[in-house]
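Letters A, B, ... mirror the listed sequences (proteins, then strands); counts begin at 1.
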There are 2 protein chains.
Amino acid sequence: MGTTQLETVPEPKYWHLKTVLREALDADFAVGEILPNERDLAARFGVARATLRQALEQLELEGRLQRRRGVGTTVAPPRVGVDVSTTRGEWPGAAQDAWRPVDCDLTGVPAEVATLLETEVGEEVHTVRRIRISHGQSVAAERLYVPASSVPELSAIDAPSGPARARGVLRELQHLGLDGQDRAVELGSAGADDARELDRLPGAPVLVVTTRYVAGGRTAAVSVATYRADTCRLTFGASGDLEIGENPQERQAS
Amino acid sequence: MGTTQLETVPEPKYWHLKTVLREALDADFAVGEILPNERDLAARFGVARATLRQALEQLELEGRLQRRRGVGTTVAPPRVGVDVSTTRGEWPGAAQDAWRPVDCDLTGVPAEVATLLETEVGEEVHTVRRIRISHGQSVAAERLYVPASSVPELSAIDAPSGPARARGVLRELQHLGLDGQDRAVELGSAGADDARELDRLPGAPVLVVTTRYVAGGRTAAVSVATYRADTCRLTFGASGDLEIGENPQERQAS
DNA sequence: GAGTGGTCTAGACCACACG
DNA sequence: GTGTGGTCTAGACCACTCA
């Protein structure tokens, strides 16, 4: 007899769990509602806790769940759209953008951005730290690297560090002519300090937006912004926020 | 005696492992080189295999490693920049873009895109499947949803499905005036079929690029493209590919 | 068939939040 | 203190690739 077996690809348990949970989320849970704890859920589905966690992890990655240690697992609201479209030829820090300056210091250029900035090793850069708040929570942390040579007029009157200094650097940038900018988006994981500012654990997935600002034929500044990948949807294009609707990030076809 | 303890926050083992491995990758390994297998590595570091795997998983997420079942773990090349900038007012499928039509069918509008398309439930849409090849590997899979009403002239002469049909739909689109487009990027996980076309396992992290094409005051088409998050860096802006350099996705600060 | 990564288990302990 | 999610262990078996 033909061991037909058709295509009984043994679907992993966690994969099936994901599907079941997703349907349950759509049908039986409201945004913000807390789920049963992991031990209960695992028992209910007859799997080990680790397996259940694998399903929860992916659902969190897809922005459907939010888990917080010591608290529990809650149903996440739809991702917020944050506009990252290139606003004509504007420097960061121009007329009330969504960012709040946090700190600033002057150090040697870090290796990761040295090539981007086209600087010599050892050249000094101002590092401006900013936070982006949206809908009441911080959604992104940014490091803006500005070579000291880009803002030679920076007054020594400003504080040597802190938010005031940051605003000083941003102010000086506005005086430069901006020729253009490049931008790239990729997946990364939050470092220890970014994680703290984004209220996530280290290693949390983030969307890294790298922007290179060109002025006077050279790279005058580089911004590296890390957005919470679980809660954010980056929007581009003229219409910006809320134009594109709900999460289409998973189209199951098992 | 003061139990100073200073700030001995017990850093998780996998986190420390990540750091060690990353440094080893930078120093001792060439791109494409294969690492020792997971059991050996775990033994070498004196941790359980699951812990070692947690570190490898994150390094893969950051694009530093590539793991393939039955083969091994290799050092990944730097991410490729793929240009996703909005080319003026062009429809998909215009003069040799990077996409290869794969298939096409006509079905009722799926729920996930119904609201985006502003269609009634039950309205018929052409679903064009395309693949994007870059540097010899498929980097993205796309579904382009075109309401039948957007391309009324579509000839019945074309094949009812398959690549030829896909090209037919794309051809018809070119005749429409394009008013504008919205775009959004978010993190997702690959469904079973996307995973197959991208040569990844289901659940692999992807960057989902959703584009809404507006023509004649309404949404004439919607594209949902999933890019391999491990190997791709999405680039925008005039200068496109290769303008922005190496992976700055992790700035450790432990 | 041998070796690889992928899945799964049944425990244990830890860090954190909250009452 | 109690309960939550986060980390970790030491196994086991499975699916896949390749010689």
Report all side-chain donor-acceptor pairs from residues 199-209 of chain B shorter than 3.5 Å, counting only partners two or more places apart or in another chain.
unit_1, atom_1, unit_2, atom_2, d
B:Arg200, NH1, B:Asp230, OD2, 3.0
B:Arg200, NH2, B:Glu60, OE2, 3.4

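- Taking atom NE2 of B:His16 as the reference point, atom P of D:dC8 lies 12 Å away to the nearest angstrom.
- Look at CG on B:Leu35: it is 9 Å from P on C:dG5, rounded to the nearest Å.
- In this structure the side chain of A:Gln137 reaches within 4.5 angstrom of the side chain of A:Val139, judged on heavy atoms.
- The distance from atom CZ of A:Phe45 to atom C1' of C:dC8 is 17 Å, rounded to the nearest whole Å.
- Nucleotide D:dG6 holds its C1' atom 8 Å from the CD atom of B:Gln54, rounded to whole Å.
- Remark: B:Leu201 in residues 197-205 of chain B come within less than 4.0 Å of DNA chain C through at least one heavy atom.
- In the displayed structure, B:Ile133 atom CD1 is contacted under 6.0 Å by more than 12 heavy atoms of other residues, nucleotides or ligands.
- OP1 or OP2 of D:dG6 lies within a sub-4.0 Å distance of a side-chain N or O belonging to A:Arg67.
- Within the structure, the salt bridge (charged side-chain N to carboxylate O under 4.0 Å, His left out) test picks out the following pairs touching residues 23-32 of chain A (sequence neighbours left out): A:Asp26-A:Arg64.
- A:Thr74 has its side chain out of reach of A:Leu65: every pair of non-hydrogen atoms, C-beta onward, lies at least 4.5 Å apart.
- When the side-chain nitrogen and oxygen atoms of B:Tyr14 are compared with OP1 and OP2 of D:dT7, one or more of them lie within a distance under 4.0 Å.
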List, with names and distances, any nitrogen or oxygen atoms from the protein found under 3.5 Å away from nitrogen or oxygen atoms belonging to nucleotides 9-11 of chain C.
unit_1, atom_1, unit_2, atom_2, d
C:dT9, OP1, A:Lys13, NZ, 2.9
C:dT9, OP2, A:Ala48, N, 2.8
C:dT9, OP2, A:Thr51, OG1, 2.5

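- A:Glu57 pairs by the salt bridge (charged side-chain N to carboxylate O under 4.0 Å, His left out) definition with A:Arg53, A:Arg67, not counting sequence neighbours.
- End-to-end axis angle for the helix from C:dG1-D:dC18 to C:dC18-D:dG1, using five pairs per end and rounding to 10°, comes out at 20°.
- A donor-acceptor contact under 3.5 angstrom links the side chains of B:Ser85 and B:Asp83, judged on distance only.
- For A:Thr73, a side-chain nitrogen or oxygen approaches OP1 or OP2 of D:dG5 to under 4.0 Å.
- Rounded to a whole Å, the CZ atom of B:Arg68 is 12 Å from the C1' atom of D:dC18.
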Start with the C-alpha distance between B:Arg212 and B:Asp182, add both sets of side-chain angles, then the distance that settles salt bridge (Lys or Arg N to Asp or Glu O under 4.0 Å), and finish with yes or no. CA-CA 5 Å; B:Arg212 197 167 64 93; B:Asp182 289 322; 2.5 Å; yes
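- By the side chain to side chain donor-acceptor pair (under 3.5 Å) test, B:Arg49 pairs with B:Glu38, sequence neighbours left out.
- Between the CD1 atom of A:Ile34 and the C1' atom of C:dC18 there is a distance of 12 Å, rounded to whole Å.
- Scanning for side chain to side chain contact (heavy atoms under 4.5 Å, CB included) contacts around A:Pro163 gives A:Arg167, with sequence neighbours left out.
- In this structure, CZ of A:Arg69 is placed 9 Å from C1' of D:dT7, rounded to the nearest angstrom.
- With distances taken from any side-chain atom of A:Arg53 to the nucleotides C:dG5, C:dT7, D:dG5, the minimum falls on D:dG5.
- Of all nucleotides listed (D:dC18, C:dC8, C:dG5), D:dC18 comes nearest to the side chain of B:Val71.
- Contacts with DNA chain C (heavy atom under 4.0 Å) in residues 36-44 of chain B: B:Asn37, B:Glu38, B:Arg39, listed by number.
- Applying the side chain to side chain donor-acceptor pair (under 3.5 Å) rule to B:Ser223 yields the partners B:Glu142; only residues at least two apart in sequence or on another chain are considered.
- Between B:Gln54 and B:Trp15, every side-chain heavy-atom pair lies at or beyond the 4.5 Å cut-off.
- For A:Val71, the side chain to side chain contact (heavy atoms under 4.5 Å, CB included) test picks out A:Arg68, with sequence neighbours left out.
- Summarising the geometry, the separation between CG on B:Leu65 and P on C:dT4 is reported as 16 Å, rounded to the nearest angstrom.
- Residues satisfying the side chain to side chain donor-acceptor pair (under 3.5 Å) test with B:Ser134, not counting sequence neighbours, are none.
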